[in-house]
Colleague: 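This structure is in structure tokens; I'll ask about it shortly.
Residue numbering restarts at 1 for every chain, and letters A, B, ... go by the order of the sequence lines. Side chains included, hydrogens not; waters and symmetry mates left out as well; all remaining heavy atoms used.
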Number of protein chains: 2
Amino acid sequence: MLKFTTKAEYSLRAMAILAKNYKKTAVSLAKIAREEKISKVYLEQLFSKLKKNHLVTANKGVNGGYILLRSPENVSAADIIEATEGSLEPFYCVSPKGNCCAKKGCLTRKMWIKVHQGIKITLENTKLSDLIK
Amino acid sequence: MLKFTTKAEYSLRAMAILAKNYKKTAVSLAKIAREEKISKVYLEQLFSKLKKNHLVTANKGVNGGYILLRSPENVSAADIIEATEGSLEPFYCVSPKGNCCAKKGCLTRKMWIKVHQGIKITLENTKLSDLIK
DNA sequence: TAAAAACCTAGTAAAATACTAGGTTTTAGT
DNA sequence: ACTAAAACCTAGTATTTTACTAGGTTTTTA
């Protein structure tokens, strides 16, 4: 029904906490889970993706946790949501791979692409630093 | 994963066919189902919603079918998608009813509202007449 | 009166979502 | 060296949503 899932919301909130601690301390998922009342293991799954996308790095062991790799001014909501939710494309045929209709003059494709652009611009213009203000 | 479903795509395509026959003939769901290769009964469910939302009217019986109630210039993609998919809100807390976080200063709500506005504007500016051009 | 249309409700298979269970590996402090 | 706390990993699962199907009834026109 055109909804972002909890993956987007949870990862934004968790990353906002890392942003608040940027250049100070690493933050453990246990702490984030407690503060935001999110399943810790679910957070682990999200952070695995955030790490693969080079948005965070991690320290293992006591006093370990996650750290932002870039400053909060340089991490957008689009970066985070694309990492955890997948693409921002609002319909399958927007993708160049999605050849559902691209060949014959597809009625709706242009519109979906416009919607995609709109979503992308808004989320790219929203930085972690904006969220924690 | 922020995807419109087939409900949006199917109803847009079906409505485009009605638009092409505007002021000419009623079009049966059997015909649309054949042309667009969509389940007829699934289309019935979508058209039940389109009718409830006063976008179409129907004639029963032989040579019956559906007819646009407004001209293709006056029906937007937003009208159609809101009728069949539900709201265009990209996250639950955008709704005034969604009091998930509205009370305390919610980090993400403002951003979701911007995304919503962007989607809405694009879909409102796309009319059935644009789709069939 | 028969065919073709809308109209209606309930059920269902498949996919996605949002988790949990139950580990291992690594590291810091004692 | 030991222990606790952290990341890291894989598989399973309950719930919800999606995209239908089944099996009708009612209305209208030729």
Side-chain angles (χ1 to χ4, degrees), chain A residues 1-11 13-14 17-18 21 25-53 55-69 81 84-87 89-92 100, chain B residues 1-14 17-18 21 25-53 55-69 81 84-87 90-92 100:
Chain A
M1 212 225 253
L2 193 77
K3 288 274 184 285
F4 285 101
T5 67
T6 58
K7 282 174 198 157
E9 181 74 9
Y10 288 174
S11 55
R13 288 173 181 275
I17 293 176
L18 297 202
N21 289 278
T25 55
V27 185
S28 73
L29 296 188
K31 198 185 173 196
I32 297 173
R34 230 179 299 124
E35 281 185 15
E36 294 291 335
K37 278 152 199 158
I38 302 171
S39 148
K40 199 198 102 195
V41 184
Y42 197 42
L43 277 175
E44 285 178 356
Q45 290 164 16
L46 300 179
F47 272 81
S48 154
K49 291 176 182 174
L50 293 169
K51 202 182 168 190
K52 267 183 199 147
N53 283 270
L55 298 174
V56 296
T57 188
N59 296 335
K60 283 189 173 184
V62 178
N63 296 328
Y66 285 90
I67 299 165
L68 286 189
L69 273 177
I81 295 173
T84 54
E85 285 250 29
S87 91
E89 290 160 1
F91 201 67
Y92 298 97
C100 58
Chain B
M1 213 226 254
L2 193 78
K3 287 273 184 286
F4 285 100
T5 67
T6 59
K7 282 175 200 159
E9 181 73 9
Y10 288 174
S11 55
L12 285 169
R13 288 173 180 276
I17 293 176
L18 297 201
N21 290 279
T25 54
V27 186
S28 73
L29 295 189
K31 198 185 173 199
I32 296 174
R34 229 179 301 123
E35 284 185 12
E36 295 290 336
K37 280 153 198 158
I38 300 170
S39 148
K40 200 198 102 194
V41 185
Y42 196 42
L43 277 174
E44 285 179 355
Q45 290 163 15
L46 300 179
F47 271 81
S48 154
K49 289 177 185 175
L50 293 168
K51 201 182 170 192
K52 267 184 200 147
N53 282 270
L55 297 174
V56 297
T57 188
N59 296 335
K60 282 187 176 185
V62 178
N63 297 329
Y66 284 91
I67 300 164
L68 285 189
L69 273 177
I81 296 174
T84 55
E85 285 251 29
S87 91
F91 201 68
Y92 298 97
C100 58

Colleague: Does A:Met1 reach the side chain of B:Pro90, with side-chain heavy atoms less than 4.5 Å apart?
Modeller: no
Colleague: Which part of the nucleic acid does B:Phe47 contact within heavy-atom distance under 4.0 Å: base, sugar-phosphate only, or nothing?
Modeller: nothing
Colleague: Over how many whole Å does the gap from B:Leu46 atom CG to D:dA19 atom P extend?
Modeller: 10 Å
Colleague: Look at the side chain of A:Lys7 and the backbone N and O of A:Leu46, then say whether any donor-acceptor pair between them is shorter than 3.5 Å.
Modeller: no
Colleague: Is there side-chain contact between B:Tyr66 and B:Leu18, with at least one heavy-atom pair below 4.5 Å?
Modeller: yes
Colleague: Kindly indicate whether the side chain of B:Gln45 and the base of D:dT18 share any N or O donor-acceptor pair separated by less than 3.5 Å?
Modeller: no
Colleague: With respect to B:Phe47, which candidate in B:Thr84, B:Ile32, B:Leu55 satisfies the side-chain contact (heavy atoms from CB on, under 4.5 Å) definition?
Modeller: B:Ile32
Colleague: Quick one: B:Lys7 NZ to D:dC20 P, roughly how many Å, whole number?
Modeller: 11 Å
Colleague: Output the rounded distance in Å from CG (A:Leu43) to C1' (D:dA7).
Modeller: 13 Å
Colleague: Given C:dA18, is OP1 or OP2 found less than 4.0 Å from the side-chain N or O atoms of A:Thr6?
Modeller: yes
Colleague: Check the phosphate of C:dA18 against A:Thr5, side-chain N and O only, distance under 4.0 Å to OP1 or OP2. Yes or no?
Modeller: yes
Colleague: Taking CG from B:Asn59 and P from C:dC7, how many angstroms apart are they, rounded to a whole number?
Modeller: 9 Å
Colleague: Let me know, please, whether A:Asn63 or B:Lys60 comes out on the 5' side of the other along DNA chain C by nearest nucleotide.
Modeller: B:Lys60
Colleague: Roughly how many Å is it from NZ in B:Lys49 to P in C:dC7, rounded to a whole number?
Modeller: 15 Å
Colleague: Rounded to whole Å, please give me the gap between CD1 in B:Ile32 and P in C:dA4.
Modeller: 18 Å
Colleague: Rounded to whole angstroms, how far apart are NZ on B:Lys51 and C1' on C:dC8?
Modeller: 12 Å
Colleague: When you get a sec, tell me which of D:dA11, D:dT18, C:dC7 is the closest nucleotide to the side chain of A:Met1?
Modeller: D:dT18
Colleague: Does C:dA4 have its OP1 or OP2 closer than 4.0 Å to a side-chain nitrogen or oxygen of B:Ser28?
Modeller: no
Colleague: Rounded to whole angstrom units, what separation is found between the OH atom of B:Tyr66 and the C1' atom of D:dT27?
Modeller: 13 Å
Colleague: If you look at every strand shown and take non-hydrogen atoms under 4.0 Å, does B:Tyr10 touch a base, only sugar-phosphate, or nothing?
Modeller: sugar-phosphate
Colleague: Among C:dA6, D:dC20, C:dC19, which nucleotide has an atom closest to any side-chain atom of B:Tyr42?
Modeller: D:dC20
Colleague: Taking the nucleotide of DNA chain C with the nearest heavy atom to each, does B:Glu44 or A:Val62 sit closer to the 5' end?
Modeller: B:Glu44
Colleague: Got a donor-acceptor contact below 3.5 angstrom from the A:Ser48 side chain to the A:Glu44 backbone?
Modeller: no
